[in-house]
Colleague: 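Before anything else, here's the structure in question.
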Amino acid sequence: MQFPFRASVSSQGVRKLSLNSWPVDDIAEHCRQHIQKYRHRLNHDLSYCLELFRRAFEERSEEAFRLLYQTYIGLIYHWVYNHPYFSSLEMPADYYVADCMSHFFLSVQGIFKHFESVPDLLKYWQKCVNSIVLNESRKKQVSAMPIEKIEKYPEKVDLDERLMQTAIWQRIKDLLPEDKDRLLAHLIFVQSLTPKQIVEHYLAIWPQTNDVRVDRQRITRHLSSDSELRQLLRIDEKQE
Amino acid sequence: MANELLYESETPDEMTQLLQSRLYRWDCPSPDTLGNYHLNIVQLNEREMIEVHLTHCLLCRQELEVLTTFLSLETFAPTKTVDPDTKAPSAQNLWNTLLAGVSAIHRGRLQTAVTRGDSSAPVRLIFEPGDLAEPVELFLDTEKQLDGYQLAAQLVLSEQLESLFTNALVEIWQTESLISIVFVDEDGVFYCHLNYLSPLLIRITTQNRMVLSCHVEF
């Protein structure tokens with residue numbers, strides 16, 4: 001794995017050594033104070049917060065984890081509320097905040113040494129918040145699709161289903177040797193885009209929605225006539 | 001044919017619906033993988049695969065744009081719409097949501113595990129998450145100590161599930177507060193110190209982010 005963050009904190013080594021002996025409650029209190037200073041654009045020192053992260057992830061201190069949770073939960077709420085997709089979700093923020101906390105704590109285990117600073121850690125945490133919100137958004141998009149039955153959500157598919165999806169897509173590619181047709185198949189079957197959306201992004205290939213519809217009908221007719229694909233999709237079994 | 005298509009409904013035909021139901025975003029990287037790609041913390045071969053995918057996936061490109069916008073939010077800075085100081089002061093806000101999640105919000109079709117019992121007797125809880133082929137048993141016991149109680153817990157797991165639960169994150173809540181965060185060890189065991197006995201909410205998040213939560217009344 002490649003990390004863009006620098007390797008270690010040599011310039012703060014002396015401070016880190018001295019903070020090692022501090023009680024974790026004091027570290028957390030100083031961390032909170034310096035976060036307030038940061039927010040008010042005053043001189044601040046985030047090494048206390050870095051030490052709190054270190055106690056949690058390097059020493060696996062239960063108390064440090066609990067204090068991290070308490071210290072940063074307000075920020076996580078702030079990020080969830082301000083995520084561009086949050087307003088379109090159905091559950092209250094608390095529901096996602098809990099997952100954002102656990103997802104971050106689990107993800108950073110084992111890779112903490114690669115983070116050089118508190119801003120690096122917070123950027124990663126923010127990425128975790130984005131992942132939780134977008135996962136929910138993807139699920140919501142699936143449930144809103146005009147399809148009678150969505151069999152599986154991609155995040156939850158098991159190996160058998162993944163193999164079947166690979167086989168289905170490979171068969172589609174075999175049946176559609178032209179790049180243009182493969183692209184349209186992906187836009188329609190995998191991304192579920194409408195003709196209008198496709199025209200908006202691929203005007204040079206499909207100038208009008210009717211061009212998309214014509215090609216779509218041609219390829220679906222071609223795919224429908226293939227017995228191997230029908231077998232993979234169990235179309236005939238369902239009809240019986 | 002063109003005239004016929006002019007009047008065609010936007011409702012997809014049966015074949016399209018069937019393929020969409022099987023293939024919807026099947027090859028899209030997860031939001032987390034896309035995020036790692038954005039932060040440049042993916043393997044080189046994975047990076048190349050994502051870049052190829054992005055050339056034709058409008059949805060993933062859109063999600064990357066959302067991520068970029070979102071990451072530009074200034075760290076710690078309150079916005080005009082939400083001030084974290086007033087909106088979400090502490091972990092206490094989560095208690096009711098998590099408690100509701102035990103019985104009302106079915107996450108992976110978990111069964112609610114609520115028990116009442118003698119504090120000196122081990123408690124056995126059974127989870128039946130929909131994603132797993134077999135149930136997961138959790139045994140809880142408390143032992144009186146000079147300064148309170150020690151909660152000892154063990155998940156009874158098959159060999160197949162051991163790797164899923166080793167290093168799982170355990171949040172232990174009591175009286176509307178988070179009192180401890182611990183990890184499940186390789187034997188499926190975790191401990192927690194309790195100052196007193198009162199209802200607990202235990203939330204276990206596995207390595208694949210499956211959540212098991214239970215409410216234990218002593």
Side-chain angles (χ1 to χ4, degrees), chain A residues 1-4 35 38-39 62 65-66 69-70 73-75 77-78 81-85 92 94-95 97-98 102-103 105-106 109 119 122-123 126-127 130-131 134-135 142 146-147 149-151 154-155 165 168-169 183 186 188-194 201 210 213-214 217 220 223-224 233, chain B residues 2 5-6 8 10-11 13 15-28 30-32 35 39-41 43 56-59 63 66-67 69-71 73 75-79 81-82 84-85 87-91 93-94 97-98 131 167 169 171 178 180-183 205 207 209:
Chain A
M1 190 176 283
Q2 300 171 330
F3 280 82
I35 288 173
Y38 180 99
R39 289 177 58 194
E62 291 174 32
F65 272 114
R66 191 183 67 79
Y69 204 110
Q70 284 186 344
I73 194 166
L75 177 63
Y77 268 99
H78 167 69
Y81 278 121
N82 286 284
H83 191 282
Y85 283 7
D94 315 80
Y95 181 79
V97 167
S102 53
H103 183 56
F105 288 150
L106 283 166
Q109 277 195 106
L122 295 184
K123 195 59 76 183
Q126 203 171 359
K127 185 269 303 184
N130 178 73
S131 301
L134 285 192
N135 259 329
V142 167
I147 294 173
K149 186 183 178 188
I150 293 287
E151 302 199 0
E155 287 294 300
Q165 289 170 326
I168 292 169
W169 183 248
L183 174 61
H186 198 276
I188 292 172
F189 306 135
V190 181
Q191 300 179 53
S192 289
L193 299 182
T194 63
H201 292 90
N210 212 41
R213 292 190 183 103
V214 169
Q217 192 167 72
T220 50
L223 297 178
S224 299
L233 293 168
Chain B
L5 289 168
L6 280 173
E8 183 191 28
E10 285 297 335
T11 307
D13 57 81
M15 183 58 149
T16 301
Q17 284 199 36
L18 196 54
L19 286 169
Q20 286 175 339
S21 75
R22 293 302 291 269
L23 296 178
Y24 181 69
R25 302 201 73 175
W26 78 280
D27 60 347
C28 289
S30 69
D32 216 38
L39 294 179
N40 198 23
I41 48 175
Q43 302 274 12
H56 59 260
C57 187
L58 299 176
L59 303 178
E63 286 183 354
V66 167
L67 174 63
T69 306
F70 179 59
L71 290 182
L73 269 181
T75 308
F76 298 129
T79 67
T81 51
V82 177
D85 278 346
K87 196 79 181 182
S90 75
N93 293 41
L94 282 177
T97 299
L98 294 179
D131 293 343
N167 280 324
L169 183 84
E171 295 156 58
L178 177 72
S180 188
I181 292 180
V182 293
F183 292 87
T205 308
Q207 293 296 326
R209 308 305 187 257

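Just so we're on the same page: letters track the sequence lines, and every chain starts at 1. Just so it is clear, the values below take in all heavy atoms, side chains as well, and ignore hydrogens, waters and symmetry mates.
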Colleague: Looking at Ala98(A), Pro84(A), Pro92(A), which has the largest count of heavy-atom pairs under 4.5 Å with chain B?
Modeller: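 The option with the most such pairs is Ala98(A).
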
Colleague: Please report the shortest heavy-atom distance between Gln20(B) and Ile188(A), naming the atom on each side.
Modeller: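 Taking Gln20(B) first and Ile188(A) second, the nearest heavy atoms are NE2-O, 2.9 Å.
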
Colleague: Any sub-3.5 Å donor-acceptor pair from Glu63(B)'s side-chain atoms to Leu134(A)'s backbone N or O?
Modeller: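 The answer is no, because no donor-acceptor pair under 3.5 Å joins these two groups.
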
Colleague: Using 0.5 Å steps for rounding, measure from the SG atom of Cys57(B) to the CG atom of Leu193(A).
Modeller: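 Atom-to-atom, Cys57(B):SG and Leu193(A):CG are 8.0 Å apart.
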
Colleague: Quick one: side-chain contact (heavy atoms from CB on, under 4.5 Å) partners of Gln109(A), sequence neighbours excluded?
Modeller: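 For Gln109(A) the side-chain contact (heavy atoms from CB on, under 4.5 Å) partners, ignoring immediate neighbours, are Arg60(A), Leu106(A), Asn167(B), Phe183(B), Gln207(B).
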
Colleague: Measure the OG-CZ distance between Ser102(A) and Arg209(B) for me, rounded to the nearest 0.5 Å.
Modeller: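 Reported value, rounded in 0.5 Å steps: 7.5 Å.
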
Colleague: Does the side chain of His186(A) come within less than 4.5 Å of Asp27(B)'s, by heavy atoms?
Modeller: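 Yes, their side chains come closer than 4.5 Å.
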
Colleague: Whether the side chain of Gln191(A) engages the backbone of His56(B) through a donor-acceptor N/O pair (distance < 3.5 Å, no angle test) should be reported.
Modeller: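 Such a contact is found between Gln191(A) side chain and His56(B) backbone.
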
Colleague: Compare every heavy atom of Leu39(B) with every heavy atom of Lys123(A), then report the nearest pair and how far apart it is.
Modeller: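 Lys123(A) and Leu39(B) have their closest heavy atoms at CG-CD2, 4.0 Å.
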
Colleague: With Ser224(A), which residues qualify under side-chain contact (heavy atoms from CB on, under 4.5 Å), at least two apart?
Modeller: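 Ser224(A) satisfies side-chain contact (heavy atoms from CB on, under 4.5 Å) with Arg230(A), Met15(B) once adjacent residues are dropped.
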
Colleague: Given side chains that start at C-beta, do those of Gln217(A) and Asp13(B) come closer than 4.5 Å, heavy atoms only?
Modeller: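 They are not in contact (no side-chain heavy atoms under 4.5 Å apart), so the answer is no.
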
Colleague: If you count heavy-atom pairs within less than 4.5 Å of chain A, which of Leu58(B), Leu169(B), Leu59(B) leads?
Modeller: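 Heavy-atom pairs under 4.5 Å are most numerous for Leu58(B).
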
Colleague: Nearest 0.5 Å, what's the CH2-CG distance between Trp169(A) and Leu23(B)?
Modeller: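 Rounded to the nearest 0.5 Å, the CH2-CG separation comes out at 7.0 Å.
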
Colleague: In Å, rounded to the nearest 0.5 Å, how long is the span from CD of Gln126(A) to CG of Leu71(B)?
Modeller: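 It comes to 5.0 Å.
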
Colleague: With only heavy atoms counted, which part of His103(A) is less than 4.5 Å from chain B, the side chain, the backbone, both or neither?
Modeller: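 Both backbone and side chain.
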
Colleague: So, do Leu19(B) and Val190(A) sit near enough that their side-chain heavy atoms are less than 4.5 Å apart?
Modeller: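 With C-beta onward as the side chain, the pair stays apart.
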
Colleague: Show, in sequence, the C-alpha distance, side-chain angles and deciding distance for Tyr69(A) and Glu171(B), and conclude whether the side-chain contact (heavy atoms from CB on, under 4.5 Å) test is met.
Modeller: CA-CA 10 Å; Tyr69(A) 204 110; Glu171(B) 295 156 58; 3.3 Å; yes

Colleague: State, with a plain yes or no, whether a side-chain heavy atom of Lys127(A) is found less than 4.5 Å away from one of Phe70(B).
Modeller: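 Side chain of Lys127(A) against side chain of Phe70(B), heavy atoms only: no contact under 4.5 Å found.
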
